[in-house]
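Take a look at the structure below.
Keep in mind that this is a model prediction, so the values were computed, not measured. Numbering of residues begins at 1 and proceeds along the displayed sequence.
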Amino acid sequence: MSHLSQFFDDLIDQANLQVSTVQKEKLLGYVDLLDKWNKAYNLTSVRKPSDMVVKHIMDSIVVSNYLEGDRFIDVGTGPGL
């Protein structure tokens with residue numbers, strides 16, 4: 001397990017969130033792509049993948065326990081989240 005994967009697991013546990021293995025893989029894959037393409041196109045001022053997990057991924061999913069319904073839009077949380 002990579003350092004970033006373990007870091008993400010720890011954050012998920014601290015926030016008491018339920019994230020499936022598939023969801024986790026997709027979210028960390030998104031961070032990998034964001035890190036790669038951020039170097040070319042400056043998509044976000046956040047540079048470190050671990051900071052991307054905190055400032056983009058966790059900021060977007062931490063509210064999930066408080067949402068009701070099937071469809072949502074989250075405006076202004078970062079690069080396409």
Show the numbers, then the answer: is there a side chain to side chain contact (heavy atoms under 4.5 Å, CB included) between M58 and F8? CA-CA 9 Å; M58 290 302 296; F8 189 36; 3.7 Å; yes

Can you find a pair of side-chain heavy atoms, one from H56 and one from V31, that are under 4.5 Å apart? no

Report the distance from atom OG1 of T44 to atom CG of N42, rounding to the nearest 0.5 Å. 8.0 Å

Which donor-acceptor pairs under 3.5 Å do side chains of residues 10-19 form with protein atoms, sequence neighbours excluded?
unit_1: D10; atom_1: OD1; unit_2: Q6; atom_2: NE2; d: 2.8

In this structure, CG of L28 is separated from CG of D9 (nearest 0.5 Å) by 8.0 Å

Excluding sequence neighbours, so at least two apart, what forms side-chain contact (heavy atoms from CB on, under 4.5 Å) with Y41? W37, L43

Are any of the side-chain heavy atoms of M52 and I57 separated by less than 4.5 Å? no

Which residues share a side-chain hydrogen bond (donor to acceptor under 3.5 Å, both in side chains) with S20, sequence neighbours left out: Q23

Pairwise salt bridge (charged side-chain N to carboxylate O under 4.0 Å, His left out) hits with a residue in residues 33-50, at least two apart: D35-K39

What's the spacing between L27 CG and S5 OG if we round to 0.5 Å? 11.0 Å

